[in-house]
Amino acid sequence: MTKEENERRLQHLKGIVASLPDKPGSYQFYDQAHTIIYVGKAKSLRSRVSSYFHKEVDRFKTKVLVSKVWDISYTVVNTEEDALLLENSLIKKYNPRYNVLLKDGKTYPSICVTKEYLPRIFKTRTINKKYGSYFGPYSHLASMYAVLDLVNKLYKPRTCRQPITREGIENGRYKPCLEYHIHNCDAPCIGKQSYEEYQANMNQAREILKGNTREISKHLYEEMQQLAGEMRFEEAEAVKRKYLLVENFCSKSEVVSHTINDIDVFSIVDDDGKNAYINYIHVANGTINQSFTYEYKRKLDETDEELLMYAITEIRERFHSTAKEIIVPFEMEWHIKDASFFIPQRGDKKHLLDLSEMNGKQYKFDRMKQAEKLNPEQKQTRLMKELQEKLGLSKMPYHIECFDNSNISGTDAVAGCVVFKGMKPSKKDYRKYNIKTVVGPDDYASMQEVVYRRYHRMMEEGTPLPDLIITDGGKGQMEVVRKVIQDELQIEIPIAGLAKDNRHRTNELLFGFPSQTIGIDIKSELFKALTQIQDEVHRYAITFHRDKRSKHALQSELDDIKGIGPKTKEELLKKYKTVKKIKEQSIDSLAETIGKTKAEILYKFLHESLDIE
């Protein structure tokens with residue numbers, strides 16, 4: 001591999017890494033022949049995978065692995081536990097070259113409910129479905145033991161290993177063990193608990209192991225309320241403890257379950273009607289062993305159903321899938337030979353469909369991010385379109401202006417206007433204003449003056465007006481601007497406002513008259529872009545006010561010094577900024593700036609003033 005080829009390889013990989021999500025999941029490294037050579041897990045895909053390429057790798061074997069990587073794929077999941085399970089499943093399927101530590105085939109424990117006359121419930125690492133039903137596996141042992149503890153407390157399944165039969169119970173062949181005497185078992189072996197009651201308990205235990213806790217929780221809640229209503233408070237308290245155990249309990253993974261075997265999962269995510277992203281997940285022997293997302297381009301305005309049907313046929317053929325059940329997000333008119341479509345509404349299969357849709361949406365988001373990095377203007381256009389839709393504007397707000405005032409108790413009052421074009425600052429169009437007609441600290445009157453001066457002049461000069469005005473304030477500032485724009489100047493420019501909460505933090509976007517709060521996530525890119533405009537106008541106005549105040553302070557103290565003219569004062573201001581710093585200088589230091597004669601005059605004047613004070 002030449003140096004240029006290696007540079008292109010690393011650039012391609014870093015491009016993928018830059019768009020990885022900050023979510024848990026499993027990642028896969030491919031070699032030049034597109035064979036999986038490593039499978040890993042991560043709490044954060046972005047930070048974990050970037051550590052291979054953006055940091056100096058110390059270990060020799062890791063350096064070798066990185067040198068072999070030509071492509072990266074990944075699957076996002078909801079929890080760290082799911083990432084562990086998915087990694088384990090993919091390693092077993094693909095047996096990657098560099099996953100040395102996990103090639104021993106070690107698996108996670110599961111919970112077994114036996115098929116005996118009186119079923120037992122216990123943990124195991126051996127799966128043999130002839131002997132019972134299996135739930136799990138559990139990558140987090142504490143979670144598995146919590147499940148077993150809950151089931152044992154609620155239903156008290158027997159723990160003895162002796163084979164119990166109906167005839168043996170009827171003939172009195174068994175004796176109660178210690179578990180019965182310490183109230184951990186209700187002794188169905190001697191008839192203390194009926195066979196029907198024991199089986200009902202086991203059925204409810206299976207529902208909990210499946211994760212279907214809603215009905216169990218509802219039943220316990222109703223029982224608790226009934227006991228409380230009958231004034232049986234001690235019994236109600238015991239049921240309440242069981243109810244809280246069930247409510248706070250999460251027994252299974254959304255990724256893996258032995259109740260699901262050999263099925264395909266498909267979901268589709270639309271992209272502005274032009275493209276579609278179709279995610280495919282295959283589950284075999286209760287584990288996900290394949291997960292890919294493909295981009296399809298609509299050529300003849302195909303519907304989602306038509307595109308999904310085409311993709312299902314192609315993808316199943318590509319992966320040689322013969323699954324009899326296909327999970328899809330909506331009804332399909334077409335049919336596939338030897339397979340049926342299923343739309344889940346709840347349970348494990350619904351979780352799998354949700355996971356597939358989440359991966360499709362994440363893939364779409366990552367592709368958009370990659371495109372925006374190659375063409376930054378694409379991001380700005382997207383944000384402008386989003387703002388246009390949110391505010392219901394007739395055209396895209398390419399030209400946005402924002403105003404802010406700054407003063408201290410009404411002195412040195414100024415205002416600033418910043419201009420953004422294409423969601424980027426156009427600094428050549430920024431304008432500073434000295435407040436001329438307002439006496440005292442009146443922000444509304446100051447805003448009224450500045451807005452009028454700004455747009456009256458633009459109308460006289462024939463300068464294009466902005467597509468949107470944003471005020472750094474709430475309803476009051478918006479109304480002041482509206483009166484100037486609509487009532488006095490009689491022009492139509494949309495006006496929005498960014499309002500702050502009690503902690504002086506921007507928390508909502510206002511628009512319209514009377515103003516309404518626009519539904520926008522304060523963590524979204526659009527809201528961040530708007531607050532960037534707000535921060536910029538605040539910075540611009542404050543800087544202007546600070547400069548003016550500093551010049552005013554300097555000018556007032558140096559005006560009466562004979563021999564110190566305007567140019568000298570400018571030089572002093574440029575270098576020392578404030579009178580305080582000038583007073584701190586020695587004669588020699590001042591002489592370097594304004595000459596020895598003027599330095600002596602200035603030094604003598606300032607220090608005589610200090611002596612008088």
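As the structure is a prediction and not an experimental result, all values here were calculated from the model.
- Atom CZ of Phe341 has more than 12 heavy atoms from other residues, nucleotides or ligands within 6.0 Å.
- The shortest heavy-atom contact between Cys160 and Arg120 is O-CD, 3.1 Å.
- With a 4.5 Å cut-off on side-chain heavy atoms, Phe233 and Glu235 do not count as touching.
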Under the side chain to side chain contact (heavy atoms under 4.5 Å, CB included) rule, what do His282 and Ser321 come out as? Steps first, then yes or no, please.
-> CA-CA 8 Å; His282 180 70; Ser321 174; 4.1 Å; yes
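- Shown here is Gln11, whose CD atom has no more than 12 heavy atoms of other residues, nucleotides or ligands within 6.0 Å.
- Annotation: Glu331, atom CD; neighbour count of heavy atoms from other residues, nucleotides and ligands within 6.0 Å does not exceed 12.
- Residue Lys115 qualifies as enclosed at atom NZ: its count of foreign heavy atoms under 6.0 Å is above 12.
- Within the 3.5 Å criterion, the main-chain N or O of Ala323 finds a donor-acceptor partner in the side chain of Arg316.
- With Phe342 as the aromatic partner, Lys349 meets the cation-pi criteria of under 6.0 angstrom to the ring centre and within 45 degrees of the ring axis.
- Between Glu179 and Lys156, every side-chain heavy-atom pair lies at or beyond the 4.5 Å cut-off.
- Shortest non-hydrogen contact noted between Ser26 and Gly40 is OG-O, 3.0 Å.
- Nearest approach of Tyr134 to Asn128, heavy atoms of both residues: OH-O, 2.9 Å.
- Note: Ile326 CD1 to Ile343 CD1 = 12.5 Å, rounded to the nearest 0.5 Å.
- Listed by first then second residue, pairs satisfying salt bridge (Lys or Arg N to Asp or Glu O under 4.0 Å) with a partner in residues 352-363 read Lys350-Asp354, not counting sequence neighbours.
- Smallest separation of non-hydrogen atoms from Asp338 and Lys324: O-CD, 3.1 Å.
- Note that CG of Asn152 and OH of Tyr145 are 12.0 Å apart. Values are rounded to the nearest 0.5 Å.
- With rounding to the nearest 0.5 Å, the separation of CG in Leu148 from CD1 in Ile111 is 4.0 Å.
- Within the 4.5 Å cutoff, the side chain of Ser50 has no heavy atoms near those of the Leu20 side chain.
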Can Gln193 and Asn201 be said to form a side chain to side chain contact (heavy atoms under 4.5 Å, CB included), step by step?
-> CA-CA 11 Å; Gln193 182 181 26; Asn201 285 348; 3.2 Å; yes
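- Using bins of under 30°, 30° to 60° and over 60° for the plane-to-plane angle, the ring pair Tyr27/Tyr38 lands in the tilted bin.
- With a 6.0 Å radius and a threshold of 12 heavy atoms from other residues, nucleotides or ligands, Glu234 has its CD atom at or below the threshold.
- No donor-acceptor pair under 3.5 Å is formed between the side chain of Glu116 and the backbone N or O of Thr165.
- The shortest heavy-atom contact between Val76 and Pro21 is CG1-CG, 3.6 Å.
- Side-chain contact between Ile263 and Leu352: present, with at least one pair of heavy atoms (C-beta onward) separated by less than 4.5 Å.
- The CZ atom of Phe292 sits 7.5 Å away from atom OG1 of Thr75, with the distance rounded to the nearest 0.5 Å.
- By the 4.5 Å heavy-atom criterion applied to side chains, Pro157 and Met202 are counted as neighbours.
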For His34 and Trp70, what are the C-alpha separation, side-chain angles and deciding distance, and is it a side chain to side chain contact (heavy atoms under 4.5 Å, CB included)?
-> CA-CA 8 Å; His34 209 71; Trp70 282 77; over 6 Å; no
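- With a 4.5 Å cut-off on side-chain heavy atoms, Phe29 and Ile37 count as touching.
- Nearest heavy atom pair, residue Tyr198 against residue Arg158, reads OH-N, 3.0 Å.
- Taking a 6.0 Å sphere around OH of Tyr131, one finds it holds 12 or fewer heavy atoms contributed by other residues, nucleotides or ligands.
- Heavy atoms of other residues, nucleotides or ligands lying less than 6.0 angstrom from NE2 of His181 number more than 12.
- A 4.5 Å side-chain heavy-atom check between Asp71 and Ile16 finds at least one atom pair inside the cut-off.
- Within the 4.5 Å cutoff, side-chain heavy atoms of Glu314 are placed close to those of Tyr296.
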Yes or no on side chain to side chain contact (heavy atoms under 4.5 Å, CB included) for Glu525 and Arg382, after CA distance, side-chain angles and deciding distance?
-> CA-CA 10 Å; Glu525 286 185 287; Arg382 174 173 61 83; 2.8 Å; yes
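- One finds the OG1 atom of Thr2 at 11.5 Å from the CZ atom of Arg9 (value rounded to the nearest 0.5 Å).
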Apply side-chain hydrogen bond (donor to acceptor under 3.5 Å, both in side chains) to the pair Asn279 and Ser356, showing each step before the final yes or no.
-> CA-CA 6 Å; Asn279 178 265; Ser356 176; 2.8 Å; yes
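- Note that the CD1 atom of Ile169 and the OH atom of Tyr174 stand 6.5 Å from one another [nearest 0.5 Å].
- The 12-atom threshold is not exceeded at CD of Glu317, counting heavy atoms of other residues, nucleotides or ligands nearer than 6.0 Å.
- A donor-acceptor contact shorter than 3.5 Å links the side chain of Asp31 to the backbone of Ala33.
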